[in-house]
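Here's the structure we're looking at; comments come further down.
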Amino acid sequence: CRKLEAEIKVNSEPGLGTTLSLYIPYERTDYSSLYQSRIIPQPIPVMIVEDVPFNTEIIATYVKSYGLRVAKTAPNGLEAVHAYEESIKKGEPMKIITMDLEMPVMNGKDACREIRRLEDRYRVEPRAKIIIISGNSVDREVRECLDPQGELKADYFLRKPVKKDEIGTLLSLISLKLDTSVASRAVLFVDTSIVSTNMVENLLTGKGYRALFSNTEQQAFDIFEAH
């Protein structure tokens, strides 16, 4: 107590009991300058390529819920290619692209080819991560899209209707690889019994952390490896 310059007070009343109070002097510290000086990373830009507006809204909601930024939406492949080239010229190339396959004007496969050609021409590194989201999920088509030696070179393939936890796992994995500052603020849950993931996300978000969820061991390993 002497080193802390503290004071102990005793208050005793017959029939009521005794109360011990400890008083320790302290100076209030203003931490606001520390928070203001932190470098807050910009949200990772995502382009959604989908010709059905309802599907675009759903994917956009998922993307935003994981802390990423919807930088562009495109209703067809041709508009997506032009938007991607513009982002390269501005020095801020799209980092993640969700791509439908069946669209008017230019389909998803042709758009992937053109995007990869643009990356070769402009020497873009790292390349955009392309997530195919399609109802055409026959094995032959999946292999064609994901073939690393092929022309499309997509990175992931999700089947419609896409679920939040499916695309969320991929977005979290890609975010960890692209932004190391995210990894230090992430908490990974490997548990299929968590009923309210929204509640857990809200609690951790309020504390400055990101919640990552995995339903399988392989997903958990991939996320942990990226971390």
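Treat the numbers as computed from the prediction; the structure is a model and nothing was measured.
Note that CD1 of I133 is 10.0 Å distant from CZ of F157, once rounded to the nearest 0.5 Å. Between T98 atom OG1 and I167 atom CD1 the span is 6.0 Å, to the nearest 0.5 Å. If you take CG on L171 and NZ on K129, they are separated by 13.0 Å, rounding to the nearest 0.5 Å. Rounded to the nearest 0.5 angstrom, R123 CZ and I88 CD1 are separated by 13.5 Å. Here CG of L118 is found 10.5 Å from CZ of R127. Values are rounded to the nearest 0.5 Å. Here the straight-line distance linking atom CE of M99 with atom SG of C145 works out to 10.0 Å at 0.5 Å rounding.
At a cut-off of 3.5 Å, with distance as the only test, a side-chain donor of E119 or Y84 sits close to an acceptor on the other residue. A side-chain N or O of E102 and one of N136 form a donor-acceptor pair less than 3.5 Å apart.
Taking hydrophobic clusters as Ile, Leu, Val, Met, Phe, Trp and Tyr residues chained together by side-chain heavy-atom distances below 4.5 Å, Y122 does not share a cluster with I96. Side-chain heavy atoms closer than 4.5 Å link hydrophobic residues (I, L, V, M, F, W, Y) into clusters, and following such links, possibly through other members, connects L101 to I97. In the hydrophobic clustering of this structure, V81 groups with V105; members are Ile, Leu, Val, Met, Phe, Trp, Tyr whose side-chain heavy atoms approach within less than 4.5 Å, directly or through other members. I58 and V46 fall within the same hydrophobic cluster, defined by Ile, Leu, Val, Met, Phe, Trp and Tyr side-chain heavy atoms under 4.5 Å apart, directly or through other members. V52 and V63 fall within the same hydrophobic cluster, defined by Ile, Leu, Val, Met, Phe, Trp and Tyr side-chain heavy atoms under 4.5 Å apart, directly or through other members.
What you find for Y66 and D165 is that their closest heavy atoms are OH-CA, 4.4 Å. What you find for I130 and C112 is that their closest heavy atoms are CG2-SG, 3.9 Å. Summarising the geometry of Y62 relative to K163, their closest heavy-atom pair is CE1-C, 4.1 Å, with the distance given to 0.1 Å. When every heavy atom of D51 is checked against every heavy atom of P75, the shortest pair comes out as CB-O, 3.2 Å. The two atoms that bring M94 and A128 nearest to each other are O-CB, 3.5 Å, heavy atoms only. Between A111 and G77, the closest heavy-atom pair is CB-CA, 3.7 Å.
Counting heavy atoms from C-beta on, the side chains of K64 and V70 come closer than 4.5 Å. Between K153 and L146 there is no side-chain heavy-atom pair separated by less than 4.5 Å. Counting heavy atoms from C-beta on, the side chains of R69 and P45 come closer than 4.5 Å.
Between D100 and K160 there is a salt bridge, since at least one side-chain N of the basic residue sits less than 4.0 Å from a carboxylate O of the acidic one. In summary, E79 and K72 engage in a salt bridge, as defined by a charged side-chain N under 4.0 Å from a carboxylate O. The pair D110-R116 does not meet the salt-bridge criterion, since no charged nitrogen lies less than 4.0 angstrom from a carboxylate oxygen. Note on K109 versus E144: salt bridge recorded, some NZ/NE/NH1/NH2 to OD/OE distance being below 4.0 Å.
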Note to self: One pair to check against side chain to side chain contact (heavy atoms under 4.5 Å, CB included): L152 and R113. What are the steps and the verdict?
What the structure shows: CA-CA 5 Å; L152 309 184; R113 291 189 186 95; 3.5 Å; yes
Checklist line | Stepwise salt bridge (charged side-chain N to carboxylate O under 4.0 Å, His left out) test for R117 and E85 | finding: CA-CA 10 Å; R117 288 169 185 166; E85 186 172 15; over 6 Å; no
